[in-house]
Each structure stands twice: as structure tokens, then as C-alpha cells.
Amino acid sequence: MSHYTVNCLLCNAINDERVTSTYCTKCGGVLTVRYNQASDQIQYPLANPIPDPLRHAPTELRRLDNLSERYGTEIWAKMELQNPSGCFKDRGTYVEVLKAKELGADAICLASTGNMAASVAMYACYFNIPCYVFVPENTSEAKIAQVNIFDATVLRIKGDFSACEQLCKQFAKSGNYYLAGDYVFREEGQKSFSFELLEQQPYMFDTVLIPVGCGTNFGAIHKGFKEAKSAGKCDVIPQLICVQPEQSSPVVEGIFKRKKVVHESVSTLATAVAAADPIDFHKVLMGIDDTNGRAFTVSESDILESLREMAISEGIFTEPACALPLAALKLNIDFFKGHRCLLVLTGTGLKDTGVVAKNVLPSPVLKNDLVQVLDFIGSGYPILQSQSFGKPRDTILTQVRFSEDKQRIFENYLQRINKKGKSLTPKEQEALQTLVFDEDSALQFPVQVVDYSIIMKRNGLVHSQVTVEANGQSFEMTHDGVGPLDSVLGALNKITTGILPVELTNHQLEILSPGTNALVVATITLSHNNTVVEAKAASPDVIEAALNAWVKAFAILYARFS
Ligand SMILES: *Cc1c(COP(=O)(O)O)cnc(C)c1O
Ligand SMILES: [Zn+2]
């Protein structure tokens with residue numbers, strides 16, 4: 001006799017775990033584990049539960065002093081980002097992997113957007129069972145690195161998470177494989193959150209704010225409290241608060257409609273909660289009803305603001321999903337005032353540094369020169385970098401104060417670009433500013449390009465004519481090349497060889513926005529006597545950008561060797 005049964009949450013049918021641990025074979029509903037007896041020790045649906053060998057200590061429960069003072073209410077955090085893989089998923093993975101071993105599976109497989117993949121790869125590796133992970137092609141590099149280091153097979157699939165999920169389900173049937181995911185045995189592991197919390201804090205929180213994707217973690221936390229309450233370990237369950245991004249909120253929408261909602265697709269920078277088809281919607285609805293809970297949404301900019309506020313105020317760097325609870329608390333402070341609030345901080349920020357990189361003005365590469373460094377700090381750019389985090393850039397960038405000579409270079413650039421009838425996108429402005437910071441305003445130009453023209457010839461070659469100015473005189477040169485760039489640079493080389501012979505060792509073009517009128521940054525690398533220098537220039541005109549970069553690199557070499 002087993003000490004538990006696996007029941008359907010909707011039709012109550014008893015399911016055989018050797019046949020399914022995902023959906024009810026009768027009605028397709030989600031499953032839940034029922035124990036024959038209440039116990040004041042946490043119960044797992046395992047024949048021989050061993051303690052989790054990768055997790056010896058509870059995650060920290062911390063009072064957030066600065067935020068509590070700022071918002072005039074008790075705010076605490078449960079640091080789930082301290083779990084071994086950097087995310088709470090480990091609690092559920094521990095049970096899933098032991099269950100896979102118990103059932104004698106040959107391997108574990110799962111589809112994931114990253115965190116679950118990293119967690120399952122880690123436990124599967126430790127417990128010596130092969131692991132296959134299906135991830136969408138655009139999964140964060142850090143999360144894939146975690147899967148790789150734990151020796152799992154990474155299957156990067158064209159398409160989104162749903163595509164991976166479908167394929168992985170088929171794969172699971174192709175062998176004796178355990179299909180892991182947001183299913184019934186994961187919930188059993190993740191409920192340890194609530195038991196652990198009750199051990200740490202004998203008196204209860206009034207509200208627990210949880211970032212929700214599929215709803216599995218929310219359901220697990222609720223189930224943990226319910227089982228603890230049945231065993232007399234607590235009298236009341238805190239109000240459970242479900243928070244989702246506005247742009248990915250089928251669960252919140254479903255709670256208001258009181259029926260499951262599935263979105264076609266969802267997109268949010270909080271990728272860990274981007275779930276269009278929330279498997280455990282019914283468990284969230286039950287948890288909200290049972291605890292008189294609430295459901296809130298927050299905007300993308302709310303998420304970024306709270307992500308930064310948590311870092312700056314409390315020294316905690318989380319991934320964007322974990323900013324949802326604080327954002328919801330701030331937006332609904334009247335509701336939360338006077339409550340003891342617990343924020344569930346589900347995962348570490350180091351897993352998704354790309355979000356920060358995308359939302360901060362990039363740091364230009366500066367010359368190895370103290371004057372340049374002081375100039376950069378004096379420009380106010382670093383202050384703008386911190387003020388502009390997550391905000392629209394267009395107005396911010398006009399506030400950079402260049403030194404007078406740099407400002408001249410910048411305006412010169414803008415003038416030339418405007419003459420071509422182009423207005424800059426924010427990203428292009430940034431690139432231009434980076435370029436200007438890097439410019440040496442004292443650099444003397446022995447040659448300057450005045451004009452150029454190109455003609456395609458019948459034989460497929462490109463004929464070009466380049467006009468430069470040197471020592472107040474004008475020179476013209478022609479050249480036939482295999483392409484426009486090859487042709488004009490060839491012509492220019494003929495002119496500069498007479499002054500100082502140089503060799504073109506590399507060239508590169510970076511186009512900064514879609515469309516035909518994009519700003520192009522050209523990088524030209526020239527060498528003379530084994531000295532290699534690189535210079536960059538920008539223009540909406542590819543050829544002009546390349547010519548100007550050449551002229552600049554040439555000027556640097558000329559200053560050293562003439
Ligand atoms: C998986 C995950 C969530 C969402 O959990 P669900 O169980 O899908 O609701 C939230 N935050 C992080 C960091 C996660 O990895
Ligand atoms: Zn059923």
C-alpha cells in the first residue's frame with residue numbers, strides 16, 4: 001500500500017503514476033498528490049525519500065529594512081535565488097529526478113525556457129541519469145551554459161517554448177524516458193518552500209507575493225501551507241498574491257473571468273514567467289479563493305524600475321521575474337499597508353545579464369589615457385547611464401556634455417548626417433556618442449576626403465574616383481576594384497602610399513538599424529612596419545564611413561612615423 005494517490009484535480013479520478021505524471025488519462029485535467037494521513041513532517045510521494053544532497057540549508061529569510069521604511073510596511077524576502085542552480089526550481093527537481101530513478105527510467109527529458117533546464121541537468125547529472133533538454137533557439141547563454149556544464153544533451157529547437165514542448169512530448173514516448181516539467185511531482189517538491197518558511201518564522205506573514213508563469217510554484221506554495229495547516233503546524237494561510245507582467249497575464253485574466261485563458265503567444269522581458277498556456281491555472285484560482293488572495297499585473301517599465309530598486313536599496317540582484325512582487329506592492333501600496341509582506345525572489349540576476357545590458361547606455365571603450373577618463377566622467381555620461389536605466393533614450397542622450405572640442409566633432413558628425421536627410425535612432429545616437437568619446441580631438445589629418453564617385457563597369461569591375469585634400473592641395477586618383485569598397489579604398493591607398501605606405505589588414509562594417517537609411521559604423525585596420533592601428537567612423541553612406549575611417553587610421557600612423 002502506498003502512502004499517497006495521484007488524483008485528477010478536476011474529475012478526481014485516481015491515475016497510475018507509471019502511466020502518467022502529467023495529465024489525467026480520463027479527462028486531461030491536471031493532477032495532484034493526496035496523502036492518506038496528515039503529518040507534521042513534509043511528505044514526499046517517494047518510496048525512500050533521501051534528504052536532498054545538493055541542498056543542505058534553507059534559503060535565507062531576510063527583512064528588507066530600507067524598503068520597509070520607504071513604503072511604511074513590513075517587507076521581507078525569501079531568497080530563493082540561493083538555491084543550488086540559482087532558482088527555486090531545484091526544490092521540485094529533487095523530487096522529479098528521484099521519481100524518475102524510482103520508476104526505472106532510462107533518461108529524463110524536458111522542455112524549458114532555461115531555469116528548469118539548468119536545474120534538471122544539475123540533479124540528473126548528480127544522480128547519474130542521462131538528461132535531454134529542449135530549449136528555444138533564443139535561450140539565454142548563461143542558462144545553456146549551466147545545462148552544458150552538467151553534461152546534459154542540449155537540443156536547441158527552431159521556434160518558441162510551445163514548439164519545444166510538443167517535440168519533447170513526442171520524444172518522451174520514443175523511449176523509456178521520464179518527462180519532467182511543471183507536473184504533479186514537481187509541485188510536491190516545491191511545496192517545501194512553505195514548510196521551510198514555517199520553521200524559520202513561527203508567526204505568519206499576512207501576504208505572500210509570488211511571480212507567476214505556469215502557476216506551478218504558486219500552487220505548490222499553497223499546497224504546502226494547506227498540508228502544514230492540516231497537521232496543525234499553522235492556523236491560517238497567508239493571503240497569496242499572484243503577479244504577472246501585463247504582456248503575459250493569462251492567469252490574471254483567467255482569475256477575473258473565472259476560467260482558464262490561453263494566449264496565442266506572450267512576450268515579456270521577464271522571460272521566466274512567459275507562459276501562454278498556464279498549466280496550473282486551476283491551482284492558482286483555488287489558492288486565491290482559499291486565501292482571499294489577489295491577482296495583479298505590472299508593466300514592463302514597472303519591472304525594470306523594481307529590478308533596479310531591489311538592487312540599489314537592498315543589494316539583491318535578481319532576474320526580472322523576481323521584480324514582479326515589489327512592483328505589485330508599490331503600485332497597490334494601500335492594499336499592502338499594515339500587512340507583513342513576503343516577496344518570493346525566485347532566481348538570480350546573473351542568469352539574465354542581457355536584460356541589464358539592453359537597458360543601460362553602453363559604456364564606450366576609452367583610450368588608455370587619464371585625460372580621456374576624466375573627460376568622460378566630466379561629460380555627465382555616467383550619471384545619465386544610471387538615471388536612464390530602463391527609460392526611453394531619445395531625450396536623455398542630448399544631455400551629454402562633451403568637452404568643447406569633442407562637442408565640435410559631434411556636431412560635425414550630426415551636420416554631415418543631417419545633410420543626407422537622415423535622423424538618428426536612439427541606438428545610432430548612442431553609437432555616435434561612443435565614437436566621439438573615443439576620438440582624439442588633437443589628431444592632425446594629413447589627408448581628408450573631399451569627394452568620391454563610383455561607376456559599375458560592363459566587365460563587373462567597379463571604377464572609382466576619389467578626391468582628397470593634402471597640404472591645401474587637391475589630388476585625384478582612380479582605381480578599378482571587385483566591389484565598391486575595394487575600389488575606393490584602392491584609390492585612396494594609391495594616394496596615401498606616396499605619403500606613408502600602409503597596408504589594409506582588416507575592415508568591418510556594422511549597420512545599426514534596419515532599413516536603407518541606416519547609420520553604418522566602419523572599422524578600418526591599417527598597418528605600417530608591424531604597427532597596427534584601428535579607427536572607426538560613422539555615416540549613413542557605407543563608402544563615406546569606410547573612407548573616413550581609413551583617413552583617421554592613416555592619421556594615427558602618420559603621427560607616429562612621419
Ligand atoms: C519558473 C519561474 C517562475 C514561474 O514559476 P511557475 O511555476 O511557472 O509559475 C518565476 N520565476 C523564476 C525565476 C522562474 O524560474
Ligand atoms: Zn480527470
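Order of listing sets the numbers, starting from 1, for every ligand and every atom in it. Small disclaimer: the values here were computed from a predicted structure and weren't measured.
Heavy-atom contacts of G213 reach the following atoms of ligand 1: 4 (C), 6 (P), 8 (O), 9 (O) (cutoff under 4.0 Å). Every atom of ligand 1 is numbered from 1 in the order shown, and the set under 4.0 Å from a heavy atom of A321 is 11 (N). For ligand 1, the atoms sitting less than 4.0 Å from at least one non-hydrogen atom of K89 are 1 (C), 2 (C), 3 (C), 14 (C), 15 (O), numbered in the order shown with element in parentheses.
Aromatic ring pairs are classed by plane angle as parallel below 30°, tilted from 30° to 60° and perpendicular above 60°; the pair F336 and H339 is perpendicular.
Under the 4.0 Å criterion applied to side-chain N and carboxylate O atoms, K191 and E227 are assigned as salt-bridge partners. Of the charged side-chain nitrogens involved, none lies within less than 4.0 Å of a carboxylate oxygen, so that D52 and R55 do not count as a salt-bridged pair.
In this structure, the protein non-hydrogen atom closest to atom 7 (O) of ligand 1 is N217 N, 2.9 Å. In terms of protein heavy-atom proximity, atom 13 (C) of ligand 1 is nearest to T346 OG1, 3.2 Å. For atom 8 (O) of ligand 1, the nearest protein heavy atom (residue, atom name, distance) is C214 N, 2.9 Å. In terms of protein heavy atoms, atom 10 (C) of ligand 1 is closest to V273 CG1, 3.6 Å.
Centred on the Zn ion (ligand 2), the SG atom of C24 and the SG atom of C27 lie at an angle of 120°, reported to 10°.
Listed by chain and residue number, V135, E137, I144, V154 satisfy the side chain to side chain contact (heavy atoms under 4.5 Å, CB included) test with R156 (two or more places apart in sequence, or in another chain).
Neither the backbone nor the side chain of Q190 comes within 4.0 Å of ligand 1, counting heavy atoms alone. With a 4.0 Å heavy-atom cut-off, ligand 1 is reached by the backbone of A272 and by its side chain too. With a 4.0 Å heavy-atom cut-off, ligand 1 is reached by the side chain of F88 but not by its N, CA, C or O.
Between C87 and ligand 1, not a single N/O pair is under 3.5 Å apart. Among the atoms of E319, none of the N or O lies under 3.5 angstrom from an N or O of ligand 1. In terms of polar-atom proximity, defined here as any N/O pair under 3.5 Å, G215 does make such a contact with ligand 1.
Not a single heavy atom of A275 sits closer than 4.0 Å to an atom of ligand 1.
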* Check the pair E196, T59 against side chain to side chain contact (heavy atoms under 4.5 Å, CB included), reporting the backbone distance first and the verdict last. => CA-CA 8 Å; E196 194 176 288; T59 61; 3.4 Å; yes
* Would F88 and F193 satisfy ring pair (Phe, Tyr, Trp, His ring centres under 6.0 Å), going step by step from the backbone distance to the final call? -> CA-CA 9 Å; F88 74 87; F193 174 97; 8.6 Å; no
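For the atom pair OG (S192) and OH (Y44), the distance works out to 4.5 Å, reported to the nearest 0.5 Å.
Geometrically, K260 does not engage F281 in a cation-pi contact defined by less than 6.0 Å to the ring centre and at most 45° from the axis.
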